[in-house]
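One structure is given here, and the rest of the page talks about it.
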Amino acid sequence: MKKIVSVVATVLMILAVSVPAYSHDRKKLRINEVMVANENSIVDDYGQRHGWIELFNSNFAPLEISSIFLSNDSTNPKKYPVPIGDVNTEIATRQHVVFFLDGEPNKGTFHTNFVLVPGEENWLGIYDADGTLIDAVTVPAEIGTDQSYARTEDGSGGWAIRYGNENDYITPSSANIIKDTNKKIDEFREKDENGFGMTLMAMAIVFTALLVLCLCFYGIGKMGAAISRMNKMRAHGVSREKAREEALEHDSGEEIAAIIMALHEHLNAHDSESTVLTINKVKRAYSPWNSKIYGLRELPNRH
């Protein structure tokens with residue numbers, strides 16, 4: 001019964017901690033990129049082009065966005081509710097999702113019930129289920145066709161118009177900064193051309209891991225011995241305090257010293273071969289006194 005109560009209490013504690021954390025994580029959802037007029041950019045699942053908005057999960061954990069709201073009107077924050085029950089509304093860690101602003105919500109979860117107006121300022125906002133504003137942006141009127149308004153970095157930084165050339169990528173459903181090389185790896189390669197540093201680092205990591213494993217196994221062995229000793233004491237009805245007193249009583253330093261001195265005196269009292277035993281088989285000489293045949297009664301002689 002106690003175990004059942006403990007399990008139920010643990011589950012309730014986990015739920016109590018996870019629910020506030022879940023609501024707090026949504027506050028890290030960000031508008032990442034917006035396109036108002038789309039003629040040559042991405043197409044939706046019906047093969048048509050519309051304006052779109054990209055949301056970015058800046059958490060380092062998956063984020064479920066069903067029941068949030070998208071709106072282009074600050075006076076109507078719950079204009080488009082993201083439906084519940086779509087498995088695609090869970091955004092993976094540090095990933096993106098695109099909603100098409102086509103005014104046709106009957107086409108699916110990722111099709112809103114409003115559109116953006118080219119040549120005008122367009123305000124966009126995302127709201128939590130309780131109506132709290134999570135993030136918002138005002139797209140400038142001067143943004144042109146097939147141009148996007150994007151953050152300089154995913155989920156953070158300022159905003160800038162992207163024209164779609166080789167230095168200004170338009171990146172729906174992908175990172176706003178496209179990296180073809182890793183700067184840290186390039187620097188390390190320049191400083192360690194022959195790979196000696198990498199070799200030493202790898203060996204240090206391996207030996208450190210082995211040392212940690214050794215210490216862990218040593219500690220587990222000690223813990224196992226202690227638990228086994230405690231179980232034996234419990235089986236014999238001996239308390240921990242009593243066992244400690246007996247250990248101190250019988251294993252005192254004076255008794256150990258006396259035993260060592262006695263052994264020393266005993267070993268030094270004999271010659272160097274005192275521990276060598278020689279066993280010889282002795283052949284006993286014949287004697288009528290120890291012969292049993294003479295102790296038998298002789299049979300009488302017949303005449």
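One-based numbering along the sequence shown.
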Original post:
Just wondering, do M35 and I53 contact through their side chains at under 4.5 Å, heavy atoms?
Top reply: no

**OP:** Evaluate the side-chain proximity of V43 to R49: yes if any heavy-atom separation is below 4.5 Å, no if none is.
**Re:** yes

Original post:
Are the side chains of E153 and I177 in touch, meaning some heavy atoms are under 4.5 Å apart?
Top reply: yes

**OP:** Carefully, step by step, assess K232 and M230 under the rule side chain to side chain contact (heavy atoms under 4.5 Å, CB included).
**Re:** CA-CA 5 Å; K232 288 181 180 179; M230 291 175 62; over 6 Å; no

Original post:
Would a distance-only check, ignoring hydrogens and angles, find a side-chain to backbone donor-acceptor pair under 3.5 Å from N38 to G51?
Top reply: no

Subject >> N57 versus Q95, side-chain donor and acceptor atoms under 3.5 Å >> reply: no

Original post:
If you round to the nearest 0.5 Å, how far is CD1 of I91 from CG of L29?
Top reply: 5.5 Å

Subject >> Exercise: identify the closest heavy-atom pair between I84 and S66 >> reply: CA-CB, 3.9 Å

Original post:
How far apart are the closest heavy atoms of W123 and A136, and which atoms are they?
Top reply: CZ2-CB, 3.7 Å

Subject >> Exercise: do E64 and T89 side chains pair donor with acceptor under 3.5 Å >> reply: yes

**OP:** Taking all non-hydrogen atoms of both residues into account, name the closest pair between G103 and V115 and its distance.
**Re:** N-CG1, 3.5 Å

Subject >> Taking every non-hydrogen atom, the tightest pair across T109 and P83 >> reply: CG2-CD, 3.6 Å

Subject >> Check: D128 side chain, G131 main-chain N or O, donor-acceptor pair, under 3.5 Å >> reply: no

Original post:
Atom CG of N113 and atom CG of L70: how far apart are they, to the nearest 0.5 Å?
Top reply: 9.0 Å

Original post:
Is there a side-chain contact between D154 and H96 (heavy atoms, below 4.5 Å)?
Top reply: yes

Original post:
Same cluster for I170 and V139 if Ile/Leu/Val/Met/Phe/Trp/Tyr side chains link at under 4.5 Å?
Top reply: no

Original post:
Would you say the side chains of N72 and K79 form a donor-acceptor pair under 3.5 Å?
Top reply: yes

**OP:** Could you tell me the separation between the CG atom of L55 and the CD1 atom of I68, rounded to the nearest 0.5 Å?
**Re:** 6.0 Å

Original post:
Side chain of D168, backbone of G164: donor and acceptor closer than 3.5 Å?
Top reply: no

Original post:
Does one side chain, of S148 or E33, offer a donor that lies under 3.5 Å from an acceptor on the other?
Top reply: yes

Original post:
Can F114 be reached from V36 by stepping across I, L, V, M, F, W or Y side chains whose heavy atoms are under 4.5 Å apart?
Top reply: yes

Original post:
How many angstroms lie between CG in D130 and CZ in R26, if you round to the nearest 0.5 Å?
Top reply: 9.0 Å

Original post:
What's the shortest heavy-atom distance between S41 and D146, and which atoms?
Top reply: N-OD1, 3.8 Å

Original post:
Between the side chains of T171 and N176, does any donor sit under 3.5 Å from an acceptor?
Top reply: yes

Original post:
Just wondering, do T132 and Y127 contact through their side chains at under 4.5 Å, heavy atoms?
Top reply: no

Original post:
Donor-acceptor pair, D86 side chain versus N88 backbone, under 3.5 Å?
Top reply: yes

Subject >> Pi-cation contact, F56 with R94 (under 6.0 Å, within 45°) >> reply: no

**OP:** Begin from the C-alpha positions of M198 and M203 and carry the test side chain to side chain contact (heavy atoms under 4.5 Å, CB included) through to its verdict.
**Re:** CA-CA 9 Å; M198 181 65 72; M203 293 178 64; over 6 Å; no

**OP:** Look at the aromatic rings of H111 and Y46 and report parallel, tilted or perpendicular, splitting at 30° and 60°.
**Re:** perpendicular

Original post:
Quick one: does I126's side chain get under 4.5 Å of I65's, heavy atoms only?
Top reply: no

Subject >> Ring-ring centroid check W52 F100, cutoff 6.0 Å >> reply: no

Subject >> Where A37 and P118 come nearest, the two heavy atoms and their spacing >> reply: CB-CG, 4.3 Å

Original post:
With hydrophobic residues grouped by side-chain heavy-atom distances under 4.5 Å, do W159 and L101 end up in a single group?
Top reply: yes

Original post:
Can you tell me if D73 and S71 form a side-chain donor-acceptor pair at under 3.5 Å?
Top reply: no

Subject >> I161 side chain near E142 side chain, heavy-atom distance below 4.5 Å >> reply: yes

**OP:** Find out if a path of hydrophobic residues (ILVMFWY) with successive side-chain heavy-atom gaps under 4.5 Å connects V82 to L116.
**Re:** yes

**OP:** Evaluate the criterion side chain to side chain contact (heavy atoms under 4.5 Å, CB included) for residue pair D102 and K107; output intermediate values, then yes/no.
**Re:** CA-CA 10 Å; D102 54 5; K107 286 187 174 180; 4.1 Å; yes

**OP:** Output the distance between atom CG (L211) and atom CG (L215), rounded to the nearest 0.5 Å.
**Re:** 4.5 Å

Original post:
Would D135 and R151 count as a salt bridge (Lys or Arg N to Asp or Glu O under 4.0 Å) if you check the C-alpha gap in whole Å, the side-chain angles of each, and the deciding distance to 0.1 Å?
Top reply: CA-CA 13 Å; D135 194 20; R151 293 180 182 271; 2.9 Å; yes

Original post:
Do the ring planes of F99 and Y80 sit parallel (below 30°), tilted (30 to 60°) or perpendicular (above 60°)?
Top reply: perpendicular

Original post:
Does the side chain of L63 reach to within under 4.5 Å of the side chain of K28, using non-hydrogen atoms?
Top reply: no

**OP:** Give a yes or no on whether F69 and F110 share a hydrophobic cluster (residues Ile, Leu, Val, Met, Phe, Trp, Tyr; joining criterion: side-chain heavy atoms under 4.5 Å apart).
**Re:** no

**OP:** Nearest 0.5 Å please: distance from the CG atom of N32 over to the CZ atom of R30.
**Re:** 10.5 Å

